[in-house]
Amino acid sequence: LGFLVLGKEPPESFSEREAFVAIELAQLAANAIQTARLFEQIQELNAHLESRIAERTAELSQQSRLYRTLAEQAPEVVWNTDASGTYLSFLNRAWYDLVGGTEADWIGKSGLTAIHPDDREEVRANWERSRMTLGTFSGVRRLRAKDGTYH
């Protein structure tokens, strides 16, 4: 609530123009009070959203650490790519043990160079099908080991 108090002696001596200005001032004050309330509500909502974002970020970070820990222990090759399937974003220890190289050699680059040339088109087609249907990406692919043989 807000009050606008104007005084003049005698009270009935307000002119029509002064009364109009007083009413306009009261409306502006009411709008300012409403705007301040809305601003407080927005600040509260933002604080709540920021809190939820921080919680979700911590949860996702924990899930990512768990995934990487499990993937690193897997005896099979585990890899992740970007959404297009073009660039590698994660490779587990089994990949490096089999294929060789370092993160600098693979992360952010195409993994197709490690796949047998005869398998590449099928891998691309399987990836595209999986991407379009959001289904499982599966298939047999031969990887070139660091000794030049395919597994």
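Nearest approach of Ala74 to Ala94, heavy atoms of both residues: O-CB, 4.0 Å. Closest approach of Ala71 to Phe90, counting heavy atoms only: CB-CE2, 3.7 Å. Heavy-atom minimum distance, Ser89 versus Asp82: OG-N, 4.4 Å. Smallest separation of non-hydrogen atoms from Arg142 and Asp118: NH2-CB, 3.6 Å. Shown here for Thr86 and Ser84, the closest heavy-atom pair between the two residues is OG1-OG, 2.8 Å. Heavy-atom minimum distance, Ala114 versus Val99: CB-CG1, 4.2 Å.
At most 12 non-hydrogen atoms from other residues, nucleotides or ligands lie less than 6.0 angstrom from CD of Glu16.
A distance of 3.5 Å separates CG in Asp105 from OG1 in Thr102, rounded to the nearest 0.5 Å. The distance from the OG1 atom of Thr35 to the CD1 atom of Ile42 is 9.5 Å, given to the nearest 0.5 Å. Between atom CD1 of residue Ile33 and atom CG of residue Leu38 there is a gap of 12.0 Å, rounded to the nearest 0.5 Å. With rounding to the nearest 0.5 angstrom, the CD atom of Glu55 is 12.0 Å from the CG atom of Leu60. Distance CG/Asp97 to CG/Asn92: 8.5 Å, rounded to 0.5 Å. For the atom pair Gln41 CD and Arg37 CZ, the distance stands at 9.0 Å (nearest 0.5 Å).
Side-chain atoms of Arg120 come within 3.5 Å of backbone N or O of Ile115 as a donor-acceptor pair. At distances below 3.5 Å, at least one donor-acceptor pair connects side-chain atoms of Thr133 with backbone N or O atoms of Arg129. Remark: the backbone N or O of Thr113 is paired with a side-chain donor or acceptor of Arg144 at under 3.5 angstrom.
In the hydrophobic clustering of this structure, Leu98 groups with Trp106; members are Ile, Leu, Val, Met, Phe, Trp, Tyr whose side-chain heavy atoms approach within less than 4.5 Å, directly or through other members. Put simply, Leu112 and Leu91 are part of the same group of oily side chains (I, L, V, M, F, W, Y) that touch within less than 4.5 Å, one to the next. Residues Leu25 and Phe14 fall within the same hydrophobic cluster, defined by Ile, Leu, Val, Met, Phe, Trp and Tyr side chains chained together at heavy-atom separations under 4.5 Å.
The shortest side-chain heavy-atom distance between Phe137 and Val123 falls under the 4.5 Å cut-off. Side-chain atoms of Val78 and Trp95, non-hydrogen and from C-beta on, never get closer than 4.5 Å to each other. Looking at heavy atoms from C-beta onward, Tyr96 lies out of side-chain contact with Lys146 at the 4.5 angstrom threshold.
Judged by distance alone, the side chains of Ser61 and Arg65 do bring a donor and an acceptor atom under 3.5 Å apart. Side-chain contact check for Tyr67 and Asn80: at least one donor-acceptor pair (N or O, by modelled atom type) lies under 3.5 Å.
Under 4.0 Å is where a charged nitrogen must lie from a carboxylate oxygen, and between Arg141 and Asp119 no such pair does. Comment: Arg56 engages Glu59 in a salt bridge, judged by a side-chain N to carboxylate O separation of less than 4.0 angstrom.
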